[in-house]
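First the structure, in the form of structure tokens, and then the observations on it.
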Amino acid sequence: MVKDLLSVRHLNVGFDHQFGHTAVIDDVSFSIEKGETLCIVGESGCGKSLTSLSIMGLLPKGGRITDGKILFQDHDISHKTTKELSKIRGKEISMIFQEPMTALNPLHTVGHQIAEVLLAHEKVSRNEANQKAVEMLKLVGIPSPEKRFKQYPHELSGGMRQRVMIAMALICKPDLLIADEPTTALDVTIQAQILELIQELKNKFGMSLLLITHDLGVVSETADKVIVMYAGQVVESSETKELFTHPKHPYTQGLIKSIPKMDEDEEELATIKGTVPSPDEMPEGCRFVTRCPFAKDICHQKKPPIVNVGHEVHCWLYSDDNVKGGIPLVDNV
Amino acid sequence: MLYYIARRLVLMIGILFLVSVLVFVLINVIPGDPATLMLGQEATAGARAALRQSLGLNDPLYIQYLHWVGGVLHGNLGYSLADHTPVMSILLNKIPVTLELTILSFLIAVAIAIPVGIISAIRKGTAWDYVTTVFALSGVSIPAFWLGILLIYLFSVTLGWLPPSGYVSLTDNPVKSIVLMIMPSISLGIRLSAQLTRMLRSSLLEVMEADYIRTGYAKGLMEKAVVFKHALRNAMLPVLTVSGLELSAFLGGAVITETIFAVPGLGQLIVNAILTRDFPIVQGAILFIAFAVVFVNFLVDIAYSLLDPRISLGGASK
Amino acid sequence: MEQPQLKAGPITFSKPSKKVVSRRSSKILKHKLALMGGIFVAVLILLAVFAPLIAPYSPIRQSYAEALKPPSSAHWFGTDTLGRDLFSRIIFGAQVSLKAGLISVGLALLIGVPLGMISGYFRGLWDDLIIMRVTDAMLAFPSLILALTLAAVLGPSLNHAMIAIGLVFTPNFIRLVRGEVLAQREREYVTAAKASGLKNVHIMIRHIFPNILGPIIVQATLNVAAAIIAEASLSYLGLGTQLPTPSWGAMLAEGQGYLQQAPWISIFPGLFIFVAVISINVFGDGIRDWLDPKIK
Ligand SMILES: Nc1ncnc2c1ncn2[C@@H]1O[C@H](COP(=O)(O)OP(=O)(O)OP(=O)(O)O)[C@@H](O)[C@H]1O
Ligand SMILES: [Mg+2]
């Protein structure tokens with residue numbers, strides 16, 4: 001059995017606020033092996049960022065892990081203090097964010113901000129750190145790195161800044177890189193370059209990658225495994241190829257159907273009708289029930305079981321009773 | 001950068017011009033005849049007319065203004081109506097006194113505001129934060145003269161620790177000078193410290209939610225490093241601007257403070273000159289203070305552009 | 001209404017404000033403070049209005065036998081150098097302070113709001129060159145010194161002090177209103193009103209003004225507090241309210257020479273200024289939070 005680098009088990013996250021507590025992430029589990037790429041996909045607001053921020057211990061104010069474990073190299077890091085986590089962050093697990101425009105401190109040079117990571121984690125001199133930072137800038141494909149080193153974030157384009165973020169994240173050669181929609185805020189032309197860079201460096205450093213994205217095209221190209229999230233829960237998790245060829249959950253099917261194809265008009269894209277229920281009015285049973293074309297009575301009443309259909313799907317439609325009952329479900333899209 | 005400074009400089013000169021016009025207008029709308037004031041009621045009409053003539057009071061206002069500005073540019077601010085000493089030399093005597101008071105007060109204000117503001121922001125919602133909120137509210141609401149009197153009552157009348165008033169120059173006896181300045185500086189500095197605390201707290205709270213702060217933590221920095229290296233500098237920018245804007249109110253406070261504690265500085269000079277209607281002195285002193293305010297704000301602008309790289313290059317404003 | 005639809009592409013989704021949650025505790029504190037401030041302000045107004053009924057003595061009746069008496073059941077706050085009852089003088093002093101605060105700010109509003117509106121609405125040379133630069137220059141003067149000089153030029157009296165304070169506070173309102181109008185004039189409703197041929201004056205008064213009223217009220221409230229301090233300062237320096245009218249600032253100055261024998265003469269008037277000012281400030285902050293919950 002291969003050992004997991006990261007294993008998230010039954011993660012629950014919620015927010016404390018003046019009216020009490022709202023649970024947002026519900027029983028999310030997944031694991032990543034060394035060198036593997038895992039993608040999390042799902043609609044906006046489904047909890048992808050919160051899941052990744054929980055791993056980093058960077059939940060926004062009021063947010064808190066209410067249950068579950070996050071095992072990193074077999075140690076539970078879900079309840080560590082900032083001080084303990086600071087030894088892991090940036091050194092063993094790094095993260096890059098969606099907004100390169102605001103993720104860098106406007107008052108410090110980019111070189112300073114990259115070198116700072118090394119200085120925080122390793123016993124190196126300021127000079128060595130600076131040198132390493134220039135090397136990293138070169139590595140992430142920034143031309144004339146010595147010059148860029150001394151520049152401020154506002155002097156760089158969005159794509160450049162994201163490269164700087166990558167340099168910063170990788171300077172200590174972490175074991176795991178978390179990338180939360182790293183290209184969403186960038187020009188379409190730059191997006192592919194950045195993804196390619198991440199892929200390339202991932203292979204070079206032998207890291208694992210947790211990639212969060214909206215873009216199923218990206219998933220099919222990069223991921224080894226995929227988990228599909230809906231309203232704070234995992235609805236389906238699978239090897240990538242399997243998921244695209246045999247999507248089981250109605251939500252996943254909808255997502256895949258809505259990928260724009262070359263020969264189709266934008267207008268005719270299939271969409272999933274309805275909206276995500278808000279965290280405070282989650283349905284009792286399956287959270288997708290309000291939008292599911294195949295919803296049955298049981299779906300309204302009880303949380304769906306995890307069914308193994310070659311991979312795992314959280315859906316009543318595949319539970320034994322139903323399969324016997326013969327569900328008119330199209331297996332292929 | 002140079003371009004930025006040059007632009008600010010031009011702007012400053014424009015404002016200084018307007019300031020001088022305002023001062024001139026303010027003083028020259030006084031009802032009453034300076035010649036009568038200077039010579040007294042008993043003087044003959046002829047003597048008064050002669051004096052008016054020699055003072056140029058019969059010229060049209062704009063000529064009088066040009067005359068006055070010409071004098072100002074040559075360092076001549078006119079003469080006291082009381083004893084005909086040059087206003088300039090009176091001011092030069094008083095300025096160091098007020099400078100000592102304001103610098104000490106400013107230091108007290110900053111020494112309180114920075115730690116208290118930081119702690120209340122990062123320990124938001126704790127008892128510390130409540131105490132700070134109450135302090136900030138009281139500090140901006142307490143009248144300086146009442147605070148001064150309370151201090152005198154406590155430290156001079158009741159405890160007998162500090163002399164209630166007086167002034168010794170810093171060069172004559174530094175220790176005594178500072179001791180005498182303790183109460184005046186506190187009573188002048190408290191308001192500013194409350195304002196700065198408030199500003200710094202809210203500015204830090206805002207900055208602490210910025211993405212680059214999260215990046216700082218994601219890098220593996222400790223809280224201290226994040227606060228001091230990344231948050232504080234960003235949070236200081238708006239505080240800096242506001243403290244520049246507060247400067248004029250701060251100097252206004254010196255008038256009251258100097259009166260309470262009998263500190264012979266610019267503020268006391270202005271009050272006495274106003275009470276004796278010695279308007280050349282009032283005019284000169286106000287002009288000096290306004291110039292100082294404008295000049296310090298110019299310096300603040302420059303400091304801002306040095307602290308914020310986004311300004312020096314793009315030339316874009318805040 | 002169209003349903004938001006799911007596409008495989010970036011989907012925007014507005015998250016609930018993160019600030020609401022974390023600001024909760026200090027918000028409650030502020031709420032309570034604002035309420036208390038409001039109650040104090042109301043009490044103060046009642047004291048001022050019903051001063052003749054409440055005050056146990058005449059505020060100007062002198063009695064040498066009673067001079068410098070410490071607080072007692074007969075004289076709650078003691079008596080001053082001329083044997084006047086301090087409590088009665090303080091209650092009548094509330095009239096002076098509130099009047100000074102309200103009238104000077106009223107004057108500043110009367111001049112500042114129209115100028116600010118015109119300046120912000122029409123922009124142009126007038127706005128940039130005259131209004132902005134002149135207010136810039138005016139703000140370079142310490143307002144207290146400016147008010148002092150004006151009060152001296154006009155001659156010391158309460159009325160003149162109020163005029164001086166009002167004029168000195170005017171730039172605050174010009175600036176505020178101009179800024180607000182600048183923001184509003186880009187809004188759609190103004191464009192629409194213009195397109196439908198309404199007169200500028202009508203648009204300014206009927207459409208823009210109601211939309212900028214909130215910040216004006218907040219600023220006015222906070223400036224009333226500042227004006228009360230300013231009047232007290234002028235009176236303290238002898239350039240405001242003249243004797244024998246009881247004014248808190250003048251009373252405090254009077255007592256300063258007697259701190260040893262009769263500290264109450266200075267302490268009580270000062271306490272009232274402080275409480276009045278802090279209450280109004282807290283109340284003003286409360287209005288601001290209530291009008292615009294987003295601001296901390
Ligand atoms: N600070 C917060 N306070 C309260 N609730 C929050 C907060 N941040 C997020 N949430 C809730 O958690 C849910 C998940 O948010 P999250 O940011 O993880 O979504 P996401 O899947 O990353 O979406 P996106 O694709 O837009 O980035 C949101 O729907 C929101 O209701
Ligand atoms: Mg997200």
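Per chain, numbering begins at 1; letters A, B, ... match sequence-line order.
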Requested in this report: Report the distance from atom CG of C:Leu148 to atom CG of B:Leu275, rounding to the nearest 0.5 Å.
Outcome: 8.5 Å
Query raised in the report: Which pair of heavy atoms, one from B:Ser248 and one from C:Pro142, lies closest together, and at what distance?
Result: O-CB, 3.1 Å
Query raised in the report: Backbone N or O of C:Ala152 within a donor-acceptor pair of the B:Arg277 side chain at under 3.5 Å?
Result: yes
**Report entry** Shortest non-hydrogen contact between B:Leu137 and C:Asp285, atoms and distance
**Finding:** CD2-OD2, 4.2 Å
**Report entry** Interatomic distance, C:Leu144 atom CG to B:Ile256 atom CD1 [nearest 0.5 angstrom]
**Finding:** 5.0 Å
Query raised in the report: Quick one: does C:Leu239's side chain get under 4.5 Å of B:Val271's, heavy atoms only?
Result: no
Query raised in the report: Roughly how far, to the nearest 0.5 Å, is CG of C:Leu33 from OG1 of B:Thr133?
Result: 8.5 Å
Report task. Would you mind telling me which of B:Leu287, B:Ile260, B:Val134 has the largest number of heavy-atom pairs within less than 4.5 Å of chain C? Result -> B:Ile260
Query raised in the report: Quick check: does any side chain N or O of B:Trp146 sit under 3.5 Å from a backbone N or O of C:Ile267, one acting as donor and the other as acceptor?
Result: yes
Query raised in the report: Which pair of heavy atoms, one from C:Gly270 and one from B:Pro143, lies closest together, and at what distance?
Result: O-CG, 4.5 Å
Query - Closest contact, heavy atoms only, B:Ile15 versus C:Ala137 - result: CG2-CA, 4.2 Å
Query raised in the report: Mind checking whether B:Gln283 and C:Thr149 have side chains closer than 4.5 Å, heavy atoms only?
Result: no
Query - Heavy-atom proximity to chain B below 4.5 Å, by part of C:Ala232 - result: both
Query raised in the report: So which of C:Leu271, C:Val282, C:Asp136, C:Ile273 has the biggest tally of heavy-atom pairs under 4.5 Å with chain B?
Result: C:Leu271
Query - Set of residues satisfying ring-ring contact (aromatic ring centres under 6.0 Å, His included) with respect to B:Phe295, sequence neighbours excluded - result: none
Query raised in the report: Between B:Thr259, B:Ile286, B:Ile289, which shows the greatest number of heavy-atom pairs under 4.5 Å with chain C?
Result: B:Ile286
Report task. Hey, could you give me the CG/CD1 distance between B:Leu251 and C:Ile145, rounded to the nearest 0.5 Å? Result -> 7.0 Å
Report summary line: Pair count under 4.5 Å, heavy atoms only, with chain C: among B:Leu16, B:Leu22, B:Leu11, highest is B:Leu22
**Report entry** Residue C:Tyr236 versus chain B: region with a heavy atom under 4.5 Å
**Finding:** side chain
Query raised in the report: Out of B:Ala144, B:Gly14, B:Ser138, B:Gly253, which one racks up the most heavy-atom pairs below 4.5 Å with chain C?
Result: B:Ser138
Requested in this report: Any chance you could lay out the side chain to side chain contact (heavy atoms under 4.5 Å, CB included) test for B:Val23 and C:Phe141, step after step, and finish with the verdict?
Outcome: CA-CA 9 Å; B:Val23 170; C:Phe141 297 99; 3.3 Å; yes
Report task. Answer yes or no: does atom CZ of B:Phe298 have more than 12 heavy-atom neighbours from other residues, nucleotides or ligands under 6.0 Å? Result -> yes
**Report entry** Contacts of C:Phe87 that satisfy ring-ring contact (aromatic ring centres under 6.0 Å, His included) - sequence neighbours left out
**Finding:** C:Trp76, C:Phe77
Query - Within 6.0 Å of OH in B:Tyr65, more than 12 heavy atoms from elsewhere - result: yes
Query raised in the report: Applying the side chain to side chain contact (heavy atoms under 4.5 Å, CB included) test to B:Ser141, which of C:Ile278, C:Ile280, C:Ile228 qualifies?
Result: C:Ile278
Requested in this report: Taking all heavy atoms of B:Leu18 and all of C:Val134, pick out the closest pair and write down the distance.
Outcome: CD1-N, 4.1 Å
**Report entry** Interchain contact, B:Thr158 with chain C, by part (heavy-atom threshold 4.5 Å)
**Finding:** neither
Report summary line: Assert top hit (heavy-atom pairs under 4.5 Å, partner chain C, pool B:Phe250, B:Phe17, B:Phe291, B:Phe145) equals B:Phe145
Report summary line: Closest non-hydrogen contact found for B:Ile142 with C:Phe274 is CA-CD1, 3.5 Å
Query - Among C:Gly249, C:Ser143, C:Ser233, residue most engaged with chain B (heavy-atom pairs, under 4.5 Å) - result: C:Ser233
**Report entry** B:Phe135 CZ: over 12 foreign heavy atoms closer than 6.0 Å
**Finding:** yes
**Report entry** Interatomic spacing from CG in C:Leu237 to CD1 in B:Ile274 - rounded to 0.5 Å
**Finding:** 8.5 Å
Query raised in the report: CD/C:Gln256 to CD1/B:Ile149 distance, rounded to the nearest 0.5 angstrom?
Result: 4.0 Å
